[in-house]
There are 2 protein chains.
Amino acid sequence: MVQMGYYSNQDYLIPFFRNFEKHIPISDEEKRIISANLEFMDVPRNDVVLSQGNKVNTLFYVVSGALRAYHLNEKGKESTVMFAVKDWWITDMNGFANQDFAQVSLETIENSKLIGLRYEILESLLQELPKLERFFRILFQRAYIREQSRLLRQLSMDVATRYRSFVDKYPKIVASVSQKQMASYLGVTPEFLSQVKNK
Amino acid sequence: MVQMGYYSNQDYLIPFFRNFEKHIPISDEEKRIISANLEFMDVPRNDVVLSQGNKVNTLFYVVSGALRAYHLNEKGKESTVMFAVKDWWITDMNGFANQDFAQVSLETIENSKLIGLRYEILESLLQELPKLERFFRILFQRAYIREQSRLLRQLSMDVATRYRSFVDKYPKIVASVSQKQMASYLGVTPEFLSQVKNK
DNA sequence: TTTTAGAAATAAGATAGTTTAAGAATCGGT
DNA sequence: ACCGATTCTTAAACTATCTTATTTCTAAAA
């Protein structure tokens, strides 16, 4: 993972604030304050930016590229909890919010530009700019809705329907993801997904 | 569903603000403003307070009792998305936040006292008391974490482990829930849960 | 008290998903 | 262009879970 110098941060900040302003308006002064508190990272494909079992200190925003959050259980079975592409935020949220250990690892599945926001920094930013509470309220509300919808699909649909539904919803993600990863997201074996697809 | 007169609202408001203040401090004046915008309901067991397919206009806070959110798919299969007991908030959040139709129904599984907060009211309260943004930010953050953890359990654990894990985590809920409902929450048939339990 | 209905347990046959293994295709590195 | 290493497909045998049906149990209604 490479920390970039200040000169090139506009590559990160322009898309970041463009997305930010879709949710709430923000002044130049506020942008300046926020910018000064972010970290900019250029991460190659297949790099692990957070490891299961470690303390979680950073919340990531995806400027470009794609990430995957996955869990490894005692039996070595891998479960993909989430993918993130451009404009998504991702981390092990439980570990982050409760300053606890990560239950998932986070890896890039493409070369990625990320913005990192550290826990203590976010906490103090929220104090300094209460407006951010609204931003993150909206963010978490949407994240909650997303997870609840996913859970509902997991419970109420069969694999073929879940697969089609995912492809419809996130065609961009499908492109960067191996079938093995896709299967572990849907909760089936890659072999079975292969069967299902060929019908 | 019975709307209560003003005289008895303290039964609702005292537990409500006691819980509220666990997350953020709040003045008497703020309490007054919030109180004036809530609805108080006393709902008997097995009452449906929101029906799948209808527009969602209310967010519910559980003062006492218990609720269940469930979805019915085309094949008539029922999936329990969530339970809520004392101090939990519940609704079809997608329908609520996006003013869309409910994908789930909401029913009481015990006689329940609920506080209702309507969509437009919440929106204007958030304008009037920006402090509430923080409250709901924390609320949704926790809800998101909860859903993500549940999904992870769903993907990575077998039925027996999921069942034990639920009983450990929510012993109170287990008491108010039938085995059929429990099974539809865990994503298995009641018959299979019965087998699993007897081991 | 009898009746009724819904909960749960049990068991047999059906289906969805897993496992294993082997071959074909694809991809990054040299 | 070649090699080794993943990744994907296919298929057969297997296992877990589901469906359906029957029975028992329980609790509330009449």
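Computation of the quantities below employed the complete heavy-atom set of this structure, encompassing side-chain atoms and omitting hydrogens, waters and symmetry-equivalent molecules. Each chain gets a letter, A, B and so on, in the order its sequence line appears, and its residues count up from 1.
For the salt bridge (Lys or Arg N to Asp or Glu O under 4.0 Å) condition, no pair includes a residue of residues 164-189 of chain B, sequence neighbours left out. Applying the ring pair (Phe, Tyr, Trp, His ring centres under 6.0 Å) test to residues at least two apart or on different chains, the pairs with a partner in residues 106-133 of chain A are A:F96-A:Y119. Note on residues 50-65 of chain A: pairs passing side-chain hydrogen bond (donor to acceptor under 3.5 Å, both in side chains), not counting sequence neighbours, are A:Q52-A:H71, A:Y61-A:D87.
Of the residues in residues 150-177 of chain A, not one comes within less than 4.0 Å of DNA chain D through any heavy atom. For the segment residues 188-195 of chain A, the set of residues with a heavy atom within less than 4.0 Å of an atom of DNA chain D comprises A:E191, A:S194, in numerical order.
Using a 4.5 Å cut-off between side-chain heavy atoms of Ile, Leu, Val, Met, Phe, Trp and Tyr, B:L151 falls into a hydrophobic cluster with A:L151, A:L155, B:L155. Using a 4.5 Å cut-off between side-chain heavy atoms of Ile, Leu, Val, Met, Phe, Trp and Tyr, A:M157 forms no hydrophobic cluster with any other residue.
A rotation axis mapping the C1' atoms of four pairs onto the next four is fitted at both ends of the helix from C:dT1-D:dA30 to C:dT30-D:dA1 over five pairs, and the angle between these axes is 50° to 10 degrees.
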Check the interface with nucleotides 25-30 of chain C: list each N/O to N/O pair with the protein under 3.5 Å, or write none.
none

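Between A:R68 and A:E78 there is a salt bridge, since at least one side-chain N of the basic residue sits less than 4.0 Å from a carboxylate O of the acidic one.
With sequence neighbours left out, the side chain to side chain donor-acceptor pair (under 3.5 Å) criterion links B:D158 to B:T161. Looking at residues two or more places apart in sequence or on another chain, you find a side chain to side chain contact (heavy atoms under 4.5 Å, CB included) between A:K131 and A:I24, A:E30.
If you walk DNA chain D from 5' to 3' and mark each nucleotide with an atom closer than 4.0 Å to a heavy atom of chain B, the marks span D:dT17 to D:dT20.
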